[in-house]
Every structure is written in structure tokens, then in C-alpha cells.
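Let me begin by presenting the structure, written as C-alpha cells, before commenting on it.
One-based numbering along the sequence shown. Here the structure is a predicted model, which means the values were calculated and not measured.
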Amino acid sequence: MNLVEKLLQLDKKDVLDNKTGTYKSGNMQKLVGDPTITIQEIDAERLMELQTLPLDKAGNYNFQQGYSANLMTVAEGVINPDLKSKELQEHFGAINASDLAKILFKTEVPEIATEIANLSSPDVVDEEELKN
């Protein structure tokens with residue numbers, strides 16, 4: 001069976017739905033006793049836009065902009081807790097989802113953003129790794 005035939009056997013909905021995963025957050029464990037948050041993949045074009053945001057025209061990385069880009073990635077990729085919840089934002093005095101991510105996750109933001117990016121861009125797994 002060739003690749004086109006294999007692709008035609010897939011359910012279109014499964015391909016278009018965002019993949020989800022979990023992340024264990026030390027801050028969430030400290031705050032509510034449960035470390036598990038739910039993350040989802042971000043559209044490839046949007047993820048690339050966020051990842052290149054910290055680069056200037058010469059290609060130099062601006063670390064302050066990098067943290068802002070990570071906050072935006074977390075704001076878009078974390079779905080539980082719902083960082084876009086106006087009620088939750090008001091409760092913590094956040095002005096938007098990125099601000100709430102900063103309040104709730106603090107120094108975990110870059111690591112969570114990396115996990116969201118990894119979920120959005122899965123690695124190829126060798127057959128030998130699958131067997132083990």
C-alpha cells in the first residue's frame with residue numbers, strides 16, 4: 001500500500017483535531033494539590049510566528065522577547081486550566097491569558113512552551129524504539 005492509500009484511510013477529523021497531552025506542573029501542585037495540566041498543539045504557522053518573535057533582523061535572540069513569546073505559547077497551548085477564562089483572569093487580577101500564565105506558572109513557562117512545541121512537532125520514532 002502506498003502513502004496516498006494510507007492517507008486516504010485516515011479519518012479527516014483525526015488529522016485536523018489538535019493533539020492534546022499533559023504536563024506535570026510544580027506550581028499547580030503547590031497551588032491546588034494536582035500537578036496535571038492539559039496542553040494542546042498549536043497551529044504550525046502560529047507556532048513558527050511565536051518562535052521567531054524574539055529574533056531581531058540580524059537573527060539575534062532577545063531573551064526578554066523570548067519569555068513573552070513563551071507566555072503567548074502557553075496562553076494558547078494550555079487548555080486546562082482555561083487561561084482564557086475571563087472569570088479566572090479577573091480572580092487573579094490578570095489582564096489577559098498571557099498574564100495569567102505568568103502568574104500561575106512563573107519560571108515553568110519556558111518548559112511548558114517547549115512541551116507544547118514538542119506536541120505540535122512530533123519526532124519520528126524508530127521501529128526499534130517502539131519494540132522496547
Which heavy-atom pair separates [X] from [Y] by the least distance, and what is that distance?
{"X": "T73", "Y": "I42", "value": "O-CD1, 3.5 Å"}
{"X": "S25", "Y": "E108", "value": "OG-OE1, 2.7 Å"}
{"X": "Q51", "Y": "A117", "value": "NE2-CB, 3.7 Å"}
{"X": "P54", "Y": "Q65", "value": "CA-CB, 3.7 Å"}

Side-chain heavy atoms under 4.5 angstrom apart, residues restricted to Ile, Leu, Val, Met, Phe, Trp, Tyr: same cluster for [X] and [Y]?
{"X": "L50", "Y": "L55", "result": "no"}
{"X": "L88", "Y": "I79", "result": "no"}
{"X": "F92", "Y": "V109", "result": "yes"}
{"X": "I103", "Y": "L31", "result": "yes"}
{"X": "I39", "Y": "V32", "result": "yes"}

Worksheet item: Looking at residues at least two apart in the chain, or sitting in another chain, which of them share a ring pair (Phe, Tyr, Trp, His ring centres under 6.0 Å) with F63?
Response: Y61

Discussion item. Within the structure provided, determine whether L71 and V74 are in side-chain contact (heavy-atom separation under 4.5 Å).
Written reply: no

For [X], give me all partners under side chain to side chain contact (heavy atoms under 4.5 Å, CB included), at least two apart in sequence or on another chain.
{"X": "Q89", "answer": "K86, A94, A97, L100"}
{"X": "T36", "answer": "T22, K24, D34"}
{"X": "N96", "answer": "S98, D99"}

Worksheet item: Any donor and acceptor pair, going by atom type alone, linking the side chain of Q9 with main-chain N or O of K6 inside 3.5 Å?
Response: no

Can you tell me how far apart [atom1] ([X]) and [atom2] ([Y]) are? Round to the nearest 0.5 Å.
{"X": "K102", "Y": "N70", "atom1": "NZ", "atom2": "CG", "value": "12.5 Å"}
{"X": "L104", "Y": "I112", "atom1": "CG", "atom2": "CD1", "value": "9.5 Å"}
{"X": "L83", "Y": "F105", "atom1": "CG", "atom2": "CZ", "value": "5.5 Å"}
{"X": "L47", "Y": "M72", "atom1": "CG", "atom2": "CE", "value": "12.0 Å"}
{"X": "L119", "Y": "T114", "atom1": "CG", "atom2": "OG1", "value": "12.5 Å"}

Item to complete: Just grab all the ring pair (Phe, Tyr, Trp, His ring centres under 6.0 Å) pairs involving residues 18-39, residues at least two apart or on different chains.
Response: none

Worksheet item: Got a sec, which residues hit salt bridge (charged side-chain N to carboxylate O under 4.0 Å, His left out) with E111, two or more places apart in sequence or on another chain?
Response: none

Fill in: CD (E5) with more than 12 external heavy atoms under 6.0 Å
yes

